[in-house]
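What follows is a short report on a single structure.
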Amino acid sequence: MWVTDECKNSFMEMKWKKVHRYIVFKIDEKSRLVTVDKVGGPGESYGDLAASLPDDDCRYAVFDFDFVTVDNCRKSKIFFIACIKDKSKDALRNIEGWAEKSSGWNKL
């Protein structure tokens with residue numbers, strides 16, 4: 001399992017340049033590569049991310065969440081999300097398979 005350069009570059013752009021709100025990744029079963037499926041612009045929301053996820057397949061995503069602390073400091077946290085919907089084919093098989101493949105994220 002390998003992560004493509006596009007995944008790495010998109011993540012770094014999101015983290016340092018703040019040009020993406022979220023990135024959705026998918027695993028290409030044939031080539032065994034993690035690839036970028038969709039990128040959300042800086043004005044998009046978590047609802048946009050949720051709406052972009054397919055009902056019949058599994059995806060990984062990262063979401064850059066901006067918030068203000070009680071001390072009125074602007075902060076940002078990046079969340080890693082594994083999405084496996086009930087309508088996915090063989091959902092249990094997908095859960096097990098994707099869990100095994102998640103070790104590819106260590107290369108990011």
Side-chain angles (χ1 to χ4, degrees):
M1 179 68 50
W2 297 99
V3 177
T4 62
D5 287 339
E6 180 188 13
C7 292
K8 295 174 192 176
N9 295 336
S10 295
F11 180 78
M12 290 304 170
E13 286 175 350
M14 182 178 80
K15 183 176 180 178
W16 298 114
K17 297 180 183 178
K18 303 290 186 186
V19 296
H20 310 304
R21 175 65 59 199
Y22 63 86
I23 307 167
V24 179
F25 303 99
K26 67 179 179 178
I27 296 176
D28 184 327
E29 296 293 334
K30 293 178 184 172
S31 64
R32 303 200 29 91
L33 291 173
V34 178
T35 60
V36 172
D37 187 39
K38 181 171 181 4
V39 176
E44 295 193 45
S45 67
Y46 181 78
D48 297 320
L49 166 63
S52 73
L53 297 171
D55 287 335
D56 60 348
D57 204 0
C58 304
R59 293 288 187 271
Y60 289 116
V62 288
F63 183 79
D64 190 2
F65 179 69
D66 295 327
F67 61 97
V68 179
T69 67
V70 294
D71 299 328
N72 206 27
C73 294
R74 295 190 67 169
K75 298 277 186 170
S76 177
K77 295 286 182 184
I78 296 175
F79 291 91
F80 180 80
I81 302 163
C83 180
I84 302 168
K85 296 191 176 181
D86 291 338
K87 295 180 184 177
S88 298
K89 298 175 189 171
D90 303 319
L92 183 58
R93 182 182 59 82
N94 287 338
I95 292 169
E96 294 168 352
W98 281 60
E100 289 173 5
K101 295 171 186 170
S102 66
S103 64
W105 289 104
N106 295 335
K107 296 175 179 70
L108 211 141

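- Linking Ile, Leu, Val, Met, Phe, Trp and Tyr whenever their side-chain heavy atoms come within less than 4.5 Å leaves F25 and F63 in two separate clusters.
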Subject >> side chain to side chain contact (heavy atoms under 4.5 Å, CB included) assessment of K15 paired with I78 >> reply: CA-CA 8 Å; K15 183 176 180 178; I78 296 175; 4.1 Å; yes
Side chains of residues 35-47: which donor-acceptor partners sit under 3.5 Å, not counting sequence neighbours?
residue, atom, partner, partner atom, Å
D37, OD2, R59, NE, 3.0
E44, OE1, Y22, OH, 2.9
E44, OE2, G41, N, 3.1
S45, OG, G47, N, 3.3
S45, OG, D48, N, 3.4
S45, OG, D48, OD2, 3.3

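- Hydrophobic clustering (ILVMFWY, side-chain heavy atoms < 4.5 Å, transitive): F79 and I23 are in distinct clusters.
- Here CZ of F65 is found 9.5 Å from CZ of R21. Values are rounded to the nearest 0.5 Å.
- Checking side-chain atoms of S10 against main-chain N and O of C7 turns up no donor-acceptor pair under 3.5 Å.
- Residues F80 and M14 are members of one and the same hydrophobic cluster, defined by side-chain heavy-atom contacts under 4.5 angstrom among Ile, Leu, Val, Met, Phe, Trp and Tyr.
- Judged as a side-chain contact (heavy atoms from CB on, under 4.5 Å), and not counting sequence neighbours, the contacts of T69 are F67, D71, C73, K75.
- Applying the side-chain hydrogen bond (donor to acceptor under 3.5 Å, both in side chains) test to D64 and every residue at least two apart in sequence or in another chain returns K18, S76.
- Clustering ILVMFWY residues whenever any of their side-chain heavy atoms sit less than 4.5 angstrom apart, transitively, puts Y60 in the very cluster that holds V34.
- Applying the side-chain contact (heavy atoms from CB on, under 4.5 Å) criterion to V68, with sequence neighbours excluded, gives N72, R74.
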Original post:
Please walk me through it: do F11 and V62 pass side chain to side chain contact (heavy atoms under 4.5 Å, CB included)?
Top reply: CA-CA 8 Å; F11 180 78; V62 288; 4.1 Å; yes
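- A search for side-chain hydrogen bond (donor to acceptor under 3.5 Å, both in side chains) contacts involving E13 returns H20, not counting sequence neighbours.
- Listed by chain and residue number, K30, S31 satisfy the side-chain contact (heavy atoms from CB on, under 4.5 Å) test with D28 (two or more places apart in sequence, or in another chain).
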